Protein chains: 2
Amino acid sequence: MPEDVPAAPRWRRRKEARPREIVDAALTVFGERGFAATRLEDVAARAGVSKGTLYLYFPNKEELFKAVVREAILPNLDMAERLLAGALGPSFAVLETLLTLFATRILKSRAGAIPKLVIAEAGNFPDLARFYHDEVIRRAFALLAAVLERGMARGEFRPVDVDSTVRLIVAPMLMSALWRSSFEALEDRPLDVRRLVAAHLDALRRTLAPEGGPSS
Amino acid sequence: MPEDVPAAPRWRRRKEARPREIVDAALTVFGERGFAATRLEDVAARAGVSKGTLYLYFPNKEELFKAVVREAILPNLDMAERLLAGALGPSFAVLETLLTLFATRILKSRAGAIPKLVIAEAGNFPDLARFYHDEVIRRAFALLAAVLERGMARGEFRPVDVDSTVRLIVAPMLMSALWRSSFEALEDRPLDVRRLVAAHLDALRRTLAPEGGPSS
DNA sequence: AAAATATTACTGACCAGTCAGTTATTAGTT
DNA sequence: AACTAATAACTGACTGGTCAGTAATATTTT
């Protein structure tokens, strides 16, 4: 055995790549275990570093979690807001696009576990709850409210209680995310999100239609 | 100081009353903290006993939790099932009663925290998830499905995708429960459940109405 | 006195966050 | 181009605190 062949180094310096890899690993483990139950040792192992390295890039567990939300959720919200701002067609089409976007970009990705996470830990980690409330929920609600206002202003939707209706729109999406995280494994058939979204949009069409049938 | 006056005993034997008191205390603490984060020491303190006493009545934390669900949720499900079995009037009225029942009996009581709890811990405590799924979710879904089938059979509802529609009915109720447990404290105004239920029922009326207007 | 009920003190396992030390990389020197 | 600091990146053992469950002991009731 030649002993002068330099073995591959035990580790490499990869200052640029680490944060992304750590956040990515954290999303997976947080999603599986929840915030409190996640061991940073596991996150580190999955990211291929040691626990100490985590603390070189993130001051503590909470900030790591915030970084996960920023990376996994906020870009989608940005996209949704741009979509509404540039919308020209009927408001219901905007709604349709938004729900479909949520179903594909959030529900089908690992980010779908985040709502469960936040709901679960809100009581014990109020800072996290406030962060998520301010950065995600408020914005998402405002976005949907704007779509409803637009539709009512253009005579496409009948006048509705905006706040309640926003919640009615969000609820099945949220519930789907929670379902997948918590109960799907207990059933023989997975939740058919496509079918649920179709039924939801059908219900919304009937709910929002002006009294005398669509005005268009 | 007379020393022969028998002081009040430091504790009394109250074999019958303990379980209920412990379960009651557990409901409160589990609701505030979640399952994993709840310290049995706190439950004991709130029930006015010591930690050891808990273990005289419940073999472990999981069984204590199951007892909480049995006491706080199942009686309401029983009531709901009896209600449907004895229903004579229009199916929509049954739906209305069920949702109102949920809003008053679950949402407004401490039991409203249970859904959050189960969703939060399902991943880490699969036995709890299975228990809740089998004892609560399955039954609740079947109940609502039965109402829909009844309405369709009587020509009161248009034909709908039953599974999806059940989820659409449940979702806003569930979301309300989660909201109250997790985010209500962060907002200035509390969630107006009455208004939400009204909007939901209004939406459902439009969604379920047969095409040519109500047939009655 | 014996049985039943309750308390108190303890054990063992767990984990976020810390830090002294190690290894890879870069810059400087010959 | 080879050798040598100097520095940045990384590691992993350790600490301090927590808590479910258990064992030993005490009090109440019959």
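Because the structure is a prediction, the values reported are computed rather than measured. Every chain is numbered from 1 and lettered A, B, ... according to where its sequence line falls, protein lines coming before strand lines.
Put simply, CG on B:Asn60 is 18 Å from P on D:dC19, counting in whole angstrom units. Look at CG on B:Leu54: it is 13 Å from P on D:dT22, rounded to the nearest Å. Put simply, CD on B:Glu63 is 16 Å from P on D:dA20, counting in whole angstrom units. Atom-to-atom, CD1 of B:Ile22 to C1' of C:dA6 comes out at 11 Å; the value is rounded to the nearest Å. Summarising the geometry, the separation between CG on A:Leu56 and P on C:dA24 is reported as 16 Å, rounded to the nearest angstrom. We find that CZ of B:Phe58 is positioned 19 Å from C1' of D:dT22, with the value rounded to whole Å.
Residues forming a salt bridge (Lys or Arg N to Asp or Glu O under 4.0 Å) with B:Arg205 (at least two apart in sequence, or on another chain): none. Shown here are the salt bridge (Lys or Arg N to Asp or Glu O under 4.0 Å) partners of A:Glu21, two or more places apart in sequence or in another chain: A:Arg14, A:Arg18.
In the set C:dT8, D:dT22, D:dT11, the nucleotide with an atom closest to the side chain of B:Tyr55 is D:dT22.
Look at A:Asp163 and A:Arg167 and you find a salt bridge, because one of the NZ, NE, NH1 or NH2 atoms lies within 4.0 Å of a carboxylate O, short of that distance.
Among the protein residues, A:Tyr57 comes within range of the sugar-phosphate backbone only, with heavy atoms under 4.0 Å from sugar or phosphate atoms but none that close to a base.
No donor-acceptor pair under 3.5 Å is formed between the side chain of A:Lys116 and the backbone N or O of A:Arg180.
Proximity of B:Thr53 to the phosphate of C:dA6: no side-chain N or O atom is located under 4.0 Å from OP1 or OP2.
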Using a cut-off of under 3.5 Å, enumerate the N/O to N/O pairs linking the protein to nucleotides 11-15 of chain C.
unit_1	atom_1	unit_2	atom_2	d
C:dC15	OP2	A:Arg39	NH1	3.1

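Under the side chain to side chain contact (heavy atoms under 4.5 Å, CB included) test applied with B:Leu168, the options A:Asp202, A:Leu196, A:Leu204 reduce to a single match, A:Leu196. For the side-chain hydrogen bond (donor to acceptor under 3.5 Å, both in side chains) test with A:Ser91, the passing option among A:Glu149, A:Arg150, A:Glu96 is A:Arg150; the others fail.
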